[in-house]
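Beneath this line is the structure, given in structure tokens, with notes to follow.
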Amino acid sequence: MEIYEVNDAPTAIGPYCHATQVGNLVFCSGQTPLDPDTMTIKGANAGEQTVRALTNLELVLSGLGLKLDSVAKTTVFLTDMSHFQEMNEAYARCFGGHTPARTTVAVNALPMNALVEIECIAERV
């Protein structure tokens with residue numbers, strides 16, 4: 001197993017790494033909408049926070065030589081399912097025509113009061 005820390009992505013706020021690789025699969029830890037420079041939540045709503053969380057995932061993937069096109073599966077965590085449509089629209093814009101498998105779940109709370117957190121599994125070809 002390979003363990004990765006990516007300098008450009010927000011620093012982990014707990015005892016975990018940005019990603020691990022087992023075989024050709026890369027498992028990325030959940031990313032919230034933290035600004036990597038200020039380590040504060042960016043985005044006033046679920047749509048803006050989705051874009052920032054996916055930007056952070058892109059930073060992790062890019063640090064490993066991958067892109068969002070490499071993503072096979074995501075899990076989206078929302079603090080309120082009433083934000084689903086807003087998240088979904090932003091998510092679709094970020095992924096463009098790429099549509100990885102996805103699970104979306106409602107949770108009671110997320111770190112630093114984020115509205116959205118997104119993790120992914122990508123394939124290194």
Side-chain angles (χ1 to χ4, degrees):
M1 176 184 339
E2 299 288 329
I3 296 174
Y4 299 101
E5 296 290 338
V6 177
N7 291 333
D8 293 335
T11 304
I13 58 173
Y16 58 89
C17 62
H18 285 120
T20 59
Q21 182 173 338
V22 178
N24 64 338
L25 295 179
V26 176
F27 300 85
C28 294
S29 294
Q31 291 294 314
T32 58
L34 284 175
D35 179 294
D37 296 324
T38 64
M39 291 302 289
T40 59
I41 298 290
K42 292 298 176 190
N45 57 52
E48 291 173 2
Q49 289 194 18
T50 297
V51 170
R52 181 72 246 183
L54 286 172
T55 298
N56 290 343
L57 271 179
E58 280 184 294
L59 291 171
V60 171
L61 292 167
S62 177
L64 305 177
L66 301 170
K67 298 180 179 182
L68 284 179
D69 288 357
S70 305
V71 173
K73 166 82 167 72
T74 63
T75 305
V76 177
F77 303 92
L78 292 174
T79 57
D80 189 330
M81 278 303 215
S82 70
H83 300 307
F84 182 85
Q85 183 173 342
E86 190 176 1
M87 173 281 297
N88 203 45
E89 291 170 0
Y91 180 99
R93 283 193 309 274
C94 290
F95 273 99
H98 181 57
T99 55
R102 183 181 84 190
T103 301
T104 304
V105 295
V107 296
N108 187 45
L110 290 168
M112 301 178 73
N113 296 314
L115 301 174
V116 178
E117 182 172 357
I118 305 172
E119 66 180 19
C120 75
I121 301 169
E123 181 183 27
R124 187 184 295 274
V125 182

Contacts of [X] that satisfy side chain to side chain contact (heavy atoms under 4.5 Å, CB included) - sequence neighbours left out:
X	value
E2	Y4, Q21
E58	T55, L68
D69	H98

Subject >> Side-chain donor or acceptor of E119 paired with backbone N/O of T75 under 3.5 Å >> reply: no
Original post:
How many angstroms lie between atom OG of S70 and atom CG of L64, to the nearest 0.5 angstrom?
Top reply: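 Result: 10.0 Å between the selected atoms.
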Subject >> Interatomic distance, R52 atom CZ to I41 atom CD1 [nearest 0.5 angstrom] >> reply: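 Result: 10.5 Å between the selected atoms.
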Original post:
Do L57 and V71 come within less than 4.5 Å of each other through their side chains, counting heavy atoms only?
Top reply: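 Side-chain contact under 4.5 Å: no.
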List the atom pairs, with distances to 0.1 Å, where a side-chain N or O of residues 27-35 and a protein N or O form a donor-acceptor pair under 3.5 Å, not counting sequence neighbours.
{"from": "S29", "atom 1": "OG", "to": "C17", "atom 2": "O", "distance (Å)": "2.6"}
{"from": "D35", "atom 1": "OD1", "to": "D37", "atom 2": "N", "distance (Å)": "2.7"}
{"from": "D35", "atom 1": "OD1", "to": "T38", "atom 2": "N", "distance (Å)": "3.0"}

For residues [X] and [Y], report the shortest heavy-atom separation together with the two atoms involved.
X	Y	result
P36	A9	CB-C, 4.1 Å
E86	A46	OE2-N, 3.7 Å
L59	V6	O-CG1, 3.5 Å
G47	A90	O-CB, 3.4 Å

**OP:** Sort and list the pairs that fulfil side chain to side chain donor-acceptor pair (under 3.5 Å) and have at least one residue in residues 5-17, not counting sequence neighbours.
**Re:**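 Side chain to side chain donor-acceptor pair (under 3.5 Å) check on residues 5-17 returns E5-H18.
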**OP:** Only one of T50, V105, I118, L54 passes side chain to side chain contact (heavy atoms under 4.5 Å, CB included) with V76; say which it is.
**Re:**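 Single pass found, and it is I118.
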Original post:
Applying the 4.5 Å side-chain criterion to the ILVMFWY set and letting contacts propagate, would M1 and I121 be lumped into a single cluster?
Top reply: yes
Subject >> Path from F95 to L78 over hydrophobic side-chain contacts below 4.5 Å >> reply: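 Shared cluster, yes.
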Set of side-chain hydrogen bond (donor to acceptor under 3.5 Å, both in side chains) partners for [X], sequence neighbours left out:
X	value
T104	R102
T103	K73
E117	none
D80	S82

Subject >> Partners passing ring-ring contact (aromatic ring centres under 6.0 Å, His included) against F77 (at least two apart in sequence or in another chain) >> reply: none
**OP:** May I have the step-by-step check of side-chain contact (heavy atoms from CB on, under 4.5 Å) for I13 and M39, ending in yes or no?
**Re:** CA-CA 9 Å; I13 58 173; M39 291 302 289; 3.8 Å; yes
Subject >> Connected-component partners of V125 among ILVMFWY, side-chain separation under 4.5 Å >> reply: none
**OP:** Can you establish whether the number of heavy atoms outside N24 located under 6.0 Å from its atom CG is more than 12?
**Re:**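 Above 12, so yes.
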